[in-house]
There are 2 protein chains.
Amino acid sequence: MKNIWIDKLKEKGMRITAQREAIVDILSQSDKALEPIEVYDLTRQNHPTLGMVTVYRTMECLEELGLLQKVHQDSGCNKYLKVKEGHNHLLICRGCGKAIYFEGLDMEMQFEGIAQQHNFNLEDHWLQLNGLCQQCQASGR
Amino acid sequence: MKNIWIDKLKEKGMRITAQREAIVDILSQSDKALEPIEVYDLTRQNHPTLGMVTVYRTMECLEELGLLQKVHQDSGCNKYLKVKEGHNHLLICRGCGKAIYFEGLDMEMQFEGIAQQHNFNLEDHWLQLNGLCQQCQASGR
DNA sequence: TGTATTATTGAAAATGACTTTCATTATCAA
DNA sequence: TTGATAATGAAAGTCATTTTCAATAATACA
Ligand SMILES: [Mn+2]
Ligand SMILES: [Mn+2]
Ligand SMILES: [Zn+2]
Ligand SMILES: [Zn+2]
């Protein structure tokens with residue numbers, strides 16, 4: 001996973017720095033949606049001199065490369081999660097941000113019908129299930 | 001519509017001021033998701049002395065009263081739309097923010113199944129169709 | 001109706017997330 | 001190894017939103 005990300009950065013002509021590697025380590029392995037400040041804190045455990053600016057810049061790059069996507073929750077809209085191949089929908093924990101992609105619901109045709117009824121040109125859709133994961137239930141939120 | 005909102009404010013013991021009435025006028029009549037600055041500009045056409053702070057405070061109240069809800073889009077997550085009675089899903093224009101609530105898709109059971117597979121306690125879900133309304137298509141975005 | 005109480009208002013200052021600037025440093029192709 | 005230049009991070013800047021606070025206005029009630 002990490003190597004794929006690093007390769008994509010190289011393909012785009014970007015240099016591989018220790019900072020970028022450390023940030024990629026965190027984000028490519030996390031199954032939780034993370035805010036920049038969380039990435040900063042986690043990365044600094046192994047790389048204490050890292051600057052917040054570099055986190056912002058690197059995450060922006062990763063999003064542009066299609067490796068990260070923004071995730072919206074009531075608790076905030078500045079969380080980022082690794083992208084999964086193909087079209088997927090999201091099940092996400094409001095407690096800890098743990099995210100699970102799922103597929104298999106076949107509603108795309110119905111969505112198109114609704115859009116047409118209202119003369120909309122449908123571009124995409126967003127389906128997200130919000131709840132509490134097992135651990136967060138156990139820890140009583 | 002406006003009167004219902006005003007009554008709800010009164011019920012909560014809030015005073016009815018000219019500013020609040022003007023803001024309620026705009027928001028209760030709009031079928032577009034609006035940002036605070038847009039509400040400010042629209043309201044100031046009839047109430048030029050209004051302050052931005054009052055817009056923020058009033059919109060926060062209206063959200064807490066369940067009259068307004070936040071709408072998330074790529075273009076920003078600070079837009080607010082009047083709530084529609086019952087459970088609804090949203091079709092929204094990325095150009096102008098025009099929003100249409102729809103219902104009739106019956107997927108709640110499937111959602112519950114997916115959550116259970118992953119030991120999640122499902123709390124709610126967001127389904128939003130994103131596209132361009134007829135006018136925005138015509139004006140070529 | 002007048003008056004007291006107190007919620008509301010808006011200017012101004014504060015906050016905080018994010019961006020920009022820029023001198024220094026590190027990567028990597030040659 | 002070296003030179004071109006991309007990347008870094010401290011510091012300053014932006015901008016949306018929040019907080020503070022003195023003045024004002026809405027409501028309850030005498
Ligand atoms: Mn889908
Ligand atoms: Mn639903
Ligand atoms: Zn959780
Ligand atoms: Zn539109």
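Proteins get letters first, then strands, A, B, ... in listed order; numbering begins at 1 in each. These figures come from a predicted structure and were not determined experimentally.
A straight line from CG of A:Leu9 to P of D:dT8 spans 10 Å, rounded to a whole angstrom. A straight line from NE2 of B:His47 to P of C:dT8 spans 15 Å, rounded to a whole angstrom. Rounded to whole Å, atom C1' of D:dA16 lies 14 Å from atom CD of B:Glu60. The interatomic distance linking B:Tyr80 (OH) with D:dA16 (P) rounds to 15 Å, in whole Å. Per the geometry, CZ belonging to A:Arg20 stands 15 Å off P belonging to C:dA26, to the nearest Å.
For the helix from C:dT1-D:dA30 to C:dA30-D:dT1, the terminal axes (five pairs an end, C1' atoms, rotation from four pairs onto the next four) enclose an angle of 40°, given to 10 degrees.
Regarding contacts with the backbone of C:dA26, every side-chain N or O of A:Gln19 stays at 4.0 angstrom or more from both OP1 and OP2.
A salt bridge links B:Arg94 with A:Glu123: the distance from a Lys NZ or Arg NE/NH1/NH2 to an Asp or Glu carboxylate oxygen falls below 4.0 Å.
Contacts of A:Gln69 classified as side-chain hydrogen bond (donor to acceptor under 3.5 Å, both in side chains), with partners at least two apart in sequence or in another chain: A:Tyr101. Taking B:Gln117 as the reference, nothing meets the side-chain hydrogen bond (donor to acceptor under 3.5 Å, both in side chains) condition, with sequence neighbours excluded. For B:Glu38, the side-chain hydrogen bond (donor to acceptor under 3.5 Å, both in side chains) test picks out no residue, with sequence neighbours left out. Applying the salt bridge (Lys or Arg N to Asp or Glu O under 4.0 Å) rule to A:Glu21 yields the partners A:Lys2; only residues at least two apart in sequence or on another chain are considered.
Residues from residues 35-44 of chain A with heavy atoms under 4.0 angstrom of DNA chain C: there are none.
Checked against A:Leu81 for a side chain to side chain contact (heavy atoms under 4.5 Å, CB included), the options A:Leu34, A:Leu90, A:Leu27, A:Leu68 give a single hit: A:Leu90.
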Show which side-chain atoms of residues 44-55 of chain B pair as donor or acceptor with protein atoms under 3.5 Å away, not counting sequence neighbours.
from    : atom 1 : to      : atom 2 : distance (Å)
B:Arg44 : NH1    : B:Tyr40 : OH     : 2.9
B:Arg44 : NH1    : B:Pro48 : O      : 3.1
B:Arg44 : NH1    : B:Leu50 : O      : 3.2

Kindly list each side-chain donor-acceptor pair under 3.5 angstrom involving residues 5-12 of chain B, sequence neighbours excluded, with atom names and distances?
none

Sort me out a list of protein N/O and nucleotides 23-27 of chain D N/O pairs below 3.5 Å, or just none if empty.
from   : atom 1 : to      : atom 2 : distance (Å)
D:dA26 : N3     : B:Arg15 : NH1    : 3.1
D:dT27 : OP1    : B:Ile16 : N      : 2.8

Could I get a table of every N or O pair under 3.5 Å where one atom is in the protein and the other is in nucleotides 11-17 of chain C?
none

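Side chains of A:Gln128 and A:His72: no donor on one and acceptor on the other come within 3.5 Å. No donor-acceptor contact under 3.5 angstrom links the side chains of A:Gln134 and B:His118, judged on distance only.
Through direct or indirect side-chain contacts shorter than 4.5 Å among Ile, Leu, Val, Met, Phe, Trp and Tyr, A:Trp126 is connected to B:Trp126.
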Given ring pair (Phe, Tyr, Trp, His ring centres under 6.0 Å), test A:His125 with A:His89 step by step and report yes or no. CA-CA 10 Å; A:His125 60 263; A:His89 304 141; 5.5 Å; yes
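A salt bridge (Lys or Arg N to Asp or Glu O under 4.0 Å) check over residues 76-87 of chain A, counting only residues at least two apart or in different chains, returns nothing.
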